[in-house]
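Single-structure report; data block below.
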Amino acid sequence: MTNIEKEEINRLPAKYRPLGAWAYFGYQLLFSIPLVGLICIIVFACSGDNINRRSYARSFFCVYIIVGIVLIIVLVVGGGCLAAMFARK
C-alpha cells in the first residue's frame with residue numbers, strides 16, 4: 001500500500017475505514033464462540049460504528065439463518081422417514 005493510499009484511508013471517517021485481514025480473522029474467531037458470538041453478531045449487525053464490520057456481521061448472521069433452515073429441513077425429512085419406517089412394522 002502506498003503512502004497516498006494510507007493517507008486517503010486515514011482521512012476517511014472511522015465509520016467508513018476498511019478492516020484489515022487480521023480484523024476479519026479475529027471477528028471470525030469471535031463469531032464462532034457459541035453464545036457470545038451470536039450476541040456479538042446481533043450487536044455488530046445493528047450498530048453503525050463501522051459499515052464493514054456491520055456488513056460482515058450480517059453475512060455471518062445470514063449463514064446462521066441458512067444453516068438453521070437446512071437443519072430444520074433435515075430434521076423434518078428425517079423424522080418423516082423414521083415415522084414411515086416404524087409405520088411399516
Side-chain angles (χ1 to χ4, degrees):
M1 183 179 303
T2 65
N3 287 337
I4 296 172
E5 291 171 335
K6 289 179 184 178
E7 290 174 14
E8 189 173 336
I9 288 173
N10 287 334
R11 277 188 259 139
L12 288 172
K15 183 176 184 175
Y16 299 109
R17 287 196 183 139
L19 298 173
W22 284 108
Y24 283 111
F25 180 74
Y27 285 128
Q28 183 175 1
L29 289 177
L30 178 66
F31 294 162
S32 298
I33 300 171
L35 186 59
V36 175
L38 183 62
I39 293 169
C40 289
I41 286 173
I42 293 169
V43 169
F44 290 156
C46 296
S47 80
D49 292 342
N50 189 305
I51 301 293
N52 296 309
R53 184 179 65 188
R54 182 178 70 188
S55 297
Y56 189 64
R58 287 179 180 178
S59 72
F60 246 84
F61 193 67
C62 289
V63 168
Y64 278 177
I65 290 172
I66 291 170
V67 167
I69 290 171
V70 169
L71 184 64
I72 289 171
I73 291 171
V74 167
L75 289 175
V76 168
V77 170
C81 289
L82 282 175
M85 284 176 40
F86 287 119
R88 288 185 182 178
K89 291 184 179 183

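Quick caveat: nothing in here was measured; it's all calculated off a predicted structure.
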request  = Supply the members, apart from Val67, of the Ile/Leu/Val/Met/Phe/Trp/Tyr cluster built from side-chain contacts under 4.5 Å; use none for a lone residue.
outcome  = Val63
query = Which other residues end up in the same hydrophobic cluster as Ile72, if Ile, Leu, Val, Met, Phe, Trp and Tyr are linked when side-chain heavy atoms come under 4.5 Å apart?
reply = Val76
request  = Taking atom CD of Glu8 as the centre, report whether more than 12 heavy atoms of other residues, nucleotides or ligands fall under 6.0 Å from it.
outcome  =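 Counting neighbours around CD of Glu8, 12 or fewer heavy atoms of other residues, nucleotides or ligands fall under 6.0 Å, so no.
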key: Enclosure of Leu71 CG (heavy-atom neighbours >12, cutoff 6.0 Å)   =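 Atom CG in Leu71 is crowded, with more than 12 foreign heavy atoms closer than 6.0 Å.
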ask   = What residue pairs, at least two apart or across chains, pass ring pair (Phe, Tyr, Trp, His ring centres under 6.0 Å) with a residue in residues 2-23?
value =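 Listed by first then second residue: Trp22-Phe25.
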request  = To the nearest 0.5 Å, tell me how far Phe86 CZ sits from Cys81 SG.
outcome  = 12.0 Å
Separation between CG of Asn10 and CD of Glu7, rounded to the nearest 0.5 Å =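 Reported value, rounded in 0.5 Å steps: 8.0 Å.
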task = Just jot down the side chain to side chain contact (heavy atoms under 4.5 Å, CB included) partners of Ile65, sequence neighbours excluded, or say none.
result =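 In terms of side chain to side chain contact (heavy atoms under 4.5 Å, CB included), with neighbours along the sequence ignored, Ile65 is linked to Phe61, Ile69.
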Cut-off 3.5 Å, no hydrogens considered: what does the side-chain donor-acceptor table look like for residues 32-40, sequence neighbours left out?
from  : atom 1 : to    : atom 2 : distance (Å)
Ser32 : OG     : Gln28 : O      : 2.7

request  = Following the transitive rule for hydrophobic clusters with a side-chain heavy-atom cut-off under 4.5 Å over Ile, Leu, Val, Met, Phe, Trp and Tyr, establish whether Val43 and Ile41 coincide in one cluster.
outcome  =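 Per the 4.5 Å side-chain linkage, Val43 and Ile41 are co-clustered.
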message = Do Phe60 and Phe44 have side chains that approach each other closer than 4.5 Å (heavy atoms only, starting at C-beta)?
response = no
Run the side-chain donor-acceptor check on residues 48-57: report pairs under 3.5 Å with partners two or more places apart or on a different chain.
from  : atom 1 : to    : atom 2 : distance (Å)
Asn50 : OD1    : Asn52 : N      : 2.9
Asn50 : OD1    : Arg53 : N      : 3.4
Asn50 : ND2    : Arg17 : O      : 3.3
Asn52 : ND2    : Arg17 : O      : 3.0
Ser55 : OG     : Ile51 : O      : 3.1

